[in-house]
Each structure stands twice: as structure tokens, then as C-alpha cells.
**Student:** 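Got a structure for you, written out below as C-alpha cells; questions coming shortly.
Below, chains carry the letters A, B, ... as their sequence lines are ordered, and counting in each starts from 1. What's counted below: heavy atoms across the whole structure, side chains too, no hydrogens, waters or symmetry copies.
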Number of protein chains: 2
Amino acid sequence: MRLIKRVIKLKMSTKGRYGLRAILDLAIRYTGEQIPLNVIAQRQDVSENYLEQVFSILKKSGLVISVKGSQGGYMLAKRPEQITIKMVLQALEGDISLVDSSNTTDLTDVQSFLNTYLWNRIDSEINMIIEATTLEDLVHEYQTMNESDSIIYYI
Amino acid sequence: MRLIKRVIKLKMSTKGRYGLRAILDLAIRYTGEQIPLNVIAQRQDVSENYLEQVFSILKKSGLVISVKGSQGGYMLAKRPEQITIKMVLQALEGDISLVDSSNTTDLTDVQSFLNTYLWNRIDSEINMIIEATTLEDLVHEYQTMNESDSIIYYI
DNA sequence: ATAAAAACTTATCGAAATAGTAGGGATTAG
DNA sequence: CTAATCCCTACTATTTCGATAAGTTTTTAT
């Protein structure tokens, strides 16, 4: 009778969260050397098997490359400043948007009004942040945070 | 072995979307008179039975009041300027936050870093919008939009 | 007094998504 | 050769979602 419209995403499942943690882990240790997944899984306290599925997606999206075989592992496919948070989240969570772009007809006025004046507005705020932030930005902030943490011990 | 952590919400299910549409519908026709649910359900193209469940929540949250019996219906419990989008969404979707506030221990550094520098930042952007926007604001914008629409026909 | 309208409540349900687990296959360094 | 590692697919338990359905209660209108 009525179209079934499911949840409009801007949720963050473990895929997105684990994946971002893992790829940031790679960025923090960015040396041009591959890192095996079990190391990342341990460091980030995530099931290795599950992380494999996540990295399968990241690889297909061209964000990481893999080296097979013994001593193999994963590394970033690009430099940290070339990978935005948005790229990572889009790969892992799909379309991140509070507006269902597939359904633009047969909306009530209130519905299309809310799309325009509320959901799209929120969407663009979020997009501003995640498009502007690269892995390098996060690495910098992460290192600054850790430095200021250790200063505390020396006071 | 490991804690099961489910999706961190900032998703918008039909509950939140239908509910906001419906309560905005009430705000647009805010007269101090109750409106029966089947009218709202028709106008907003939503299952009446389902909307009943949504309004049950809105009522428990003190956002609408009901008048039972024939000629009964629902109306806003407060004036439109006293109801923010956040109140509505929080009632219907629960805690809207990209950070799992129940779990603050045993986080990896990267995890707590991301909570602080990314997820919380996005959360506050969203909160700024939805806390600052009231139903009255939306009603105003809605009416302005519809006025400018009809001008087009007269050109 | 009765009938209709409406709020209210609860149970049930199928589909989809989630968060894994499990296990085997392919590839490569040493 | 073998161990390490990527890679792939199938399975599963649980939860959530979006309803539907069917009643019960309350009140107004006639």
C-alpha cells in the first residue's frame, strides 16, 4: 500500500568506526611499510576476522593497498593528506545523508520543506567537517594531544 | 569475549521523521484546537496506526496533549516557540549522539581521540542547529516558502 | 441511552541490518 | 616447505524497523 522507507542514515556502525580507527592507526604509523592486520586489530581492540571484512571494503575503495603473503599487510594507498574522513565513511557506511535522494516525488509539502530547511542543512554542516578533515589533520591533532599529555607529567 | 557495541545513533528512523512532520503539521495549524490523528495521518501520508505509536511517545514526553472521545484529537502541549527540534528528536530517537557515553573506560587512545576531535565536534554542530530551531521557526520558514511559491504563479 | 469517533494499548510479524564467527583458499617471504 | 598473511564466502544470532491488527476505553453528539 505504502512505500517502505527505511532508516535514513547518518548512523555510525562499527564498520565506520572500526574502519576509521584502523585507517587512522595506519596513518599515525605511516612509513611506506605495510602493517599486518592482526597488529592493527590488537592495537585497536577489534576482531581480526571482522576487520578483514572492513579492509576488504577499504581496499576496493582504493584507500588502502595490500601486500599478500608472509610479512604482508596493509598500507595507505595515498598520503594521509589526500584521504578525507568523508572518503573513509562513504566507503564504509555508504551514502551519508539525512535526505533520501532516491525519493523526490510524492512528498508532502512539509516533507520537502523539512528536507530543504532542516535535513539538508544538517547534512551540509557535517559534510563541511568531514570533507575538510584529512587523516593528516587527525594525525597532527592526535600527536599534539599526546605531547600535551606527557607535559603534564613533567610539571 | 568482547563487548558488543551496537550502532551509535545519529540515524533518523521513520519514528523521528514521521513524528517531526506530524508535530510540525500541528504547529502549522496551531489554533488551540485539537486535531484528530487520522487527519494528520492523511495529510502527512503516514499509517494512522503507526502514527498512534509515535504520538504515544510524544505525549509521554509532554510535547503534545490529547483529548479523548469523539471530536477529540491532539494538540501541542506548549507554544511552538517553546518546542525545539531537539526535544522532538530526543523523544522519538533517544539519545542522538555519535559518541557512546555509556562506555568511557577501556578505550584505545585513537578511540578517545576520535571521540573528542571528530564525533563530539560533529555532535555539537548538529546540536547547535536542533537546539536553536523551534517549531515556530520552522512554521515561519514554511510559510515564507509557500508565499514565495505562489508569487511565481502571478509573475 | 446509544452510537460513533477518537484516543489508547498490546501483540505479532516479516524484512533488513548488525556484528560478528568460522573456516578454508591463495600467495609469498624466508 | 612452511608459516604468515591476505582473501573470500557462508552462516548465524540478535536487534531494529516499520508496520498491521485488533481490541479497549473514553467522550461527544444525537
**Student:** How many whole angstroms separate atom CG of B/Leu51 from atom C1' of C/dA6?
**Tutor:**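 The answer, rounded to whole Å, is 14 Å.
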**Student:** Whole Å only: how far is the CG atom of A/Leu37 from the P atom of D/dA3?
**Tutor:**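 Atom-to-atom, A/Leu37 to D/dA3, this comes out as 21 Å.
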**Student:** So does B/Lys15 get a side-chain nitrogen or oxygen closer than 4.0 Å to the phosphate oxygens (OP1/OP2) of D/dC17?
**Tutor:**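 Negative; the distance criterion is not met.
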**Student:** Is the distance from OP1 or OP2 of D/dG18 to the nearest side-chain N or O of B/Tyr18 less than 4.0 Å?
**Tutor:**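 B/Tyr18 to D/dG18 OP1/OP2: no side-chain N or O under 4.0 Å.
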**Student:** Is the number of heavy atoms from other residues, nucleotides or ligands under 6.0 Å of A/Gln82 CD greater than 12?
**Tutor:**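 For A/Gln82, atom CD is crowded (more than 12 foreign heavy atoms under 6.0 Å).
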**Student:** Partners of A/Thr133 by side chain to side chain contact (heavy atoms under 4.5 Å, CB included), sequence neighbours excluded?
**Tutor:**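 Testing A/Thr133 for side chain to side chain contact (heavy atoms under 4.5 Å, CB included), a comparison that skips the adjacent residues, returns A/Ile85, A/Ile129, A/Asp137, A/Leu138, B/Arg121.
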**Student:** Please compare A/Pro36 and A/Gln53 by the position of their nearest nucleotide in DNA chain D and report the one closer to 5'.
**Tutor:**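 Nearest nucleotide further toward 5': that of A/Pro36.
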**Student:** Taking all non-hydrogen atoms of both residues into account, name the closest pair between B/Glu33 and B/Met75 and its distance.
**Tutor:**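 Answer, listing the atom of B/Glu33 first, then B/Met75: O-CB, 4.0 Å.
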**Student:** Can you tell me how far P of C/dA6 sits from CD of B/Glu48, to the nearest Å?
**Tutor:**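 That distance rounds to 9 Å.
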**Student:** Do any N or O atoms from the side chain of A/Arg21 and from the backbone of A/Gln44 form a donor-acceptor pair under 3.5 angstrom?
**Tutor:**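 Here the side-chain-to-backbone pair exists.
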**Student:** Suppose we screen for side chain to side chain contact (heavy atoms under 4.5 Å, CB included). Which residues come up paired with B/Ser112, at least two apart in sequence or across chains?
**Tutor:**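 Here the qualifying residues are B/Leu107.
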**Student:** Just how far, in rounded Å, is C1' of C/dT18 from CG of A/Leu92?
**Tutor:**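 It works out to 14 Å between those atoms.
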**Student:** Calculate the interatomic distance between A/Ile40 atom CD1 and D/dT5 atom P; express it in whole Å.
**Tutor:**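 Spelled out: CD1 on A/Ile40 to P on D/dT5 is 12 Å.
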**Student:** Quick one: sort the B/Tyr50 and B/Tyr18 rings into parallel, tilted or perpendicular, breaks at 30° and 60°.
**Tutor:**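 Correct class here is perpendicular.
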**Student:** In whole angstrom, give the distance that lies between atom OH of B/Tyr50 and atom C1' of C/dT12.
**Tutor:**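 Going from B/Tyr50 (OH) to C/dT12 (C1'), I get 15 Å.
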**Student:** Could you tell me how far apart B/Gln34 (CD) and D/dT27 (C1') are, to the nearest whole angstrom?
**Tutor:**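 Atom-to-atom, B/Gln34 to D/dT27, this comes out as 11 Å.
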**Student:** OP1 or OP2 of C/dC8 less than 4.0 angstrom from a side-chain nitrogen or oxygen of B/Ser66, does that happen here?
**Tutor:**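 So the side chain of B/Ser66 is within the cut-off, an N or O lying under 4.0 Å from OP1 or OP2 of C/dC8.
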**Student:** Can you tell me how far C1' of D/dG18 sits from CD of B/Glu93, to the nearest Å?
**Tutor:**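 B/Glu93 atom CD is separated from D/dG18 atom C1' by 12 Å.
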**Student:** Can you build the contact string for nucleotides 24-30 of chain C? Use B for base contact, S for sugar-phosphate-only contact, and - for no protein heavy atom under 4.0 Å.
**Tutor:** ---BBS-
**Student:** Check whether any side-chain N or O of A/Tyr74 sits under 4.0 Å from OP1 or OP2 of D/dC7, and answer yes or no.
**Tutor:**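 True: A/Tyr74 side-chain N/O within range (under 4.0 Å) of D/dC7 OP1/OP2.
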**Student:** Are side-chain N/O atoms of A/Gln34 and A/Ser66 paired as donor and acceptor at under 3.5 Å?
**Tutor:**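 The criterion, which ignores hydrogens and geometry beyond distance, is not satisfied for A/Ser66 and A/Gln34.
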**Student:** Are A/Thr14 and C/dA19 close enough that a side-chain N or O sits under 4.0 Å from OP1 or OP2?
**Tutor:**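 Checking A/Thr14 against C/dA19: at least one side-chain N or O falls below 4.0 Å of OP1 or OP2.
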**Student:** Should B/Lys59 be listed as having a side-chain N or O under 4.0 Å from OP1 or OP2 of C/dA7?
**Tutor:**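 Negative; the distance criterion is not met.
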